[in-house]
Amino acid sequence: MKNYETVIGLEVHVELATKTKIFCGCTTQFGGLPNTHCCPVCTGMPGTLPVLNKKVVEYAIAAGLATGCEITRHCKFDRKNYFYPDLPKAYQVSQLYLPICRNGGIEIETANGKKVIGIHEIHMEEDAGKLVHDPWEDCTLVDYNRCGVPLIEIVSDPDMRTAEEVIAYLEKLKLILQYLGVSDCKMQEGSLRADINLSVREVGSEKFGTRTEMKNMNSFKAIARAIDGERKRQIDVIEYGGKVVQETRRWDDNKDTSFAMRSKEDAQDYRYFPEPDLVPLDISEEWLEEIKSREPELRDAKMKRYETEYDIPAYDAAIITGAKKLADIFEETVAICNKPKEVSNWLMVETMRLLKETEQEPEELTLEPAKLAALIGLIDEGKINRTVAKEVFEKIFKENVDPESYVKEKGLIMVQDDGLLKETVERILDANPQSVADFLGGKEKAMGFLVGQTMKEMKGKADPGKVNVMVREALMARK
Ligand code: ADP
Ligand code: MG
Ligand code: ZN
């Protein structure tokens with residue numbers, strides 16, 4: 001078999017976090033009863049006219065600036081005509097000729113060092129509705145709630161070569177957009193979805209091969225598998241003397257294979273023309289400057305600041321800033337309790353563990369900073385020990401309990417009574433003469449058992465450090 005190289009370019013659709021839709025005042029909220037977030041404009045009733053949401057343009061510009069793009073100062077919208085039941089107007093308002101951002105790029109880390117992935121353009125457009133295939137009745141229903149939700153489409157250059165590079169690019173892009181606040185990028189809700197264009201060519205060849213496109217992928221795992229599967233399929237086609245056909249394919253993650261959906265449409269198939277119901281946009285220097293000046297602190301800057309301002313290790317800073325939501329929780333909690341390393345530990349260890357266990361993304365975190373700070377306070381004041389604290393943290397994470405009332409209700413507060421503790425230690429030593437003898441005979445290990453027994457007797461509600469000291473003292477006294 002010859003040696004092949006994979007060439008990948010992405011078209012990423014991102015739903016913007018504006019309160020209202022792109023051309024009407026309807027809410028953009030995810031979910032809701034079908035067809036309750038709509039009006040005559042977004043359901044394409046004849047005679048209605050669109051009014052552009054200024055915030056959409058602002059978010060698109062912010063995304064362009066943060067990804068090194070040139071902003072197209074005179075830009076306009078175009079009509080992309082196609083018929084599909086989830087698109088009631090039978091056209092989508094998009095941008096073909098003069099997209100708002102062009103010629104940018106973002107830097108990713110790869111196995112072979114840094115690499116820039118070019119961004120060909122970013123354009124604004126409206127989302128379509130959703131078709132719901134009724135599993136009981138033999139019919140398809142349509143929900144227009146998503147119709148007219150603002151999108152930006154970020155088109156990369158065909159610069160990626162491996163699944164790892166694609167994931168690194170998507171993760172970087174996701175973070176930039178989240179930090180800017182232009183999208184929540186919740187992939188499970190479809191706020192960020194990627195179309196994967198992929199071709200293969202012989203190593204050393206200058207010319208790109210024919211590409212296929214896999215649309216609407218919204219999980220990193222599925223994306224990695226789809227890239228691997230499609231790469232192998234194309235190589236097989238070529239090795240057996242066939243030709244790859246330019247087409248749209250659907251990746252079926254359960255079957256681990258892709259299926260041809262339709263032959264690829266070209267721009268002319270859509271009969272694009274300038275949108276006559278919207279005037280072109282002239283973006284002023286002042287507005288551009290204003291948006292630029294409002295750019296929030298992005299990830300790299302935040303990471304550096306955490307190291308210096310909070311004095312936490314680079315390793316911690318990288319993990320915490322790896323999701324905007326985590327960084328927000330970190331800063332808010334530290335603002336309350338002023339214990340950066342402690343907060344960082346809770347986020348890096350227990351929070352990550354529970355996210356994995358509950359199969360959630362950091363964006364879905366509901367952890368309240370005040371509650372985490374209160375928990376840290378309880379440990380600090382010696383009211384609960386770390387084992388109990390872990391249990392309480394899990395309750396905060398999963399059931400949003402209030403840590404102070406929870407430990408009171410469940411009787412988890414540590415016993416502060418040293419007399420009682422001493423008594424217990426003596427009782428345990430009396431009950432375990434063999435361990436006492438072992439320890440006195442030089443077996444250090446025997447002490448661990450006695451400490452464990454005492455903790456058990458105290459139902460975990462004692463300070464393990466203190467118990468350690470007390471057990472050692474009691475043992476020495478029996479020498
Ligand atoms: P269209 O407008 O027809 O969808 P574009 O040229 O705009 O096509 O490219 C769409 C996406 O496909 C871009 O992300 C681009 O990087 C990628 N792409 C283009 N040619 C190839 C190729 N031969 N192999 C892989 N990706 C490609
Ligand atoms: Mg395209
Ligand atoms: Zn509407």
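Whatever order the structure lists ligands and atoms in, that order sets their numbers, starting from 1.
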Report, in ascending order of atom number, the atoms of ligand 1 lying under 4.0 Å from any heavy atom of Val7. 24 (N), 25 (C)

The Zn ion (ligand 3) to nearest N/O/S of Cys38 below 2.8 Å: no

By number and element, which atoms of ligand 1 are closer than 4.0 Å to a non-hydrogen atom of Leu10? 14 (O)

Residues that Glu307 engages under salt bridge (Lys or Arg N to Asp or Glu O under 4.0 Å), provided they are two or more places apart: none

Would you say the side-chain atoms of Arg193 pair up with the backbone N or O of Gly190, donor to acceptor, closer than 3.5 Å? yes

Would you tell me which option among Arg211, Gln246, Glu11 has the nearest heavy-atom contact to atom 5 (P) of ligand 1? Arg211

So for Thr210 against ligand 1, with non-hydrogen atoms under 4.0 Å, the contacting part is neither

Quick one: does Asn35's side chain have a donor or acceptor within less than 3.5 Å of a partner on Tyr144's backbone? yes

Is the closest N or O pair between Ser156 and ligand 1 shorter than 3.5 Å? yes

Just to be sure I read this right, does ligand 1 sit under 4.0 Å from the backbone of Asp157, its side chain, both, or neither, counting only heavy atoms? backbone

So what does the Cys26 SG - the Zn ion (ligand 3) - Cys39 SG angle come to, to 10°? 100°

From Lys115 atom NZ to Glu165 atom CD, the distance as rounded to the nearest 0.5 Å: 3.5 Å

Quick check on contacts: which atoms of ligand 1 are under 4.0 angstrom from a heavy atom of Gly209? 23 (N)

Region of Val155 engaging ligand 1 - heavy atom pairs below 4.0 Å: side chain

Contact atoms of ligand 1, heavy-atom distance to Phe208 under 4.0 Å: 23 (N)

Do any N or O atoms from the side chain of Gln92 and from the backbone of Glu126 form a donor-acceptor pair under 3.5 angstrom? yes

Check this for me, if you would: do Arg201 and Glu5 make a salt bridge, where the nitrogen-to-carboxylate-oxygen distance has to be below 4.0 angstrom? yes

Show the atoms of ligand 1 that are less than 4.0 angstrom away from any heavy atom in Pro158. 16 (O), 26 (N), 27 (C)

For Asp184 versus Ser191, what's the shortest heavy-atom pair and its separation? OD1-OG, 3.0 Å

If I compare all heavy atoms of Arg146 with all of Ala128, which pair ends up nearest, and what's the gap? NE-O, 3.1 Å

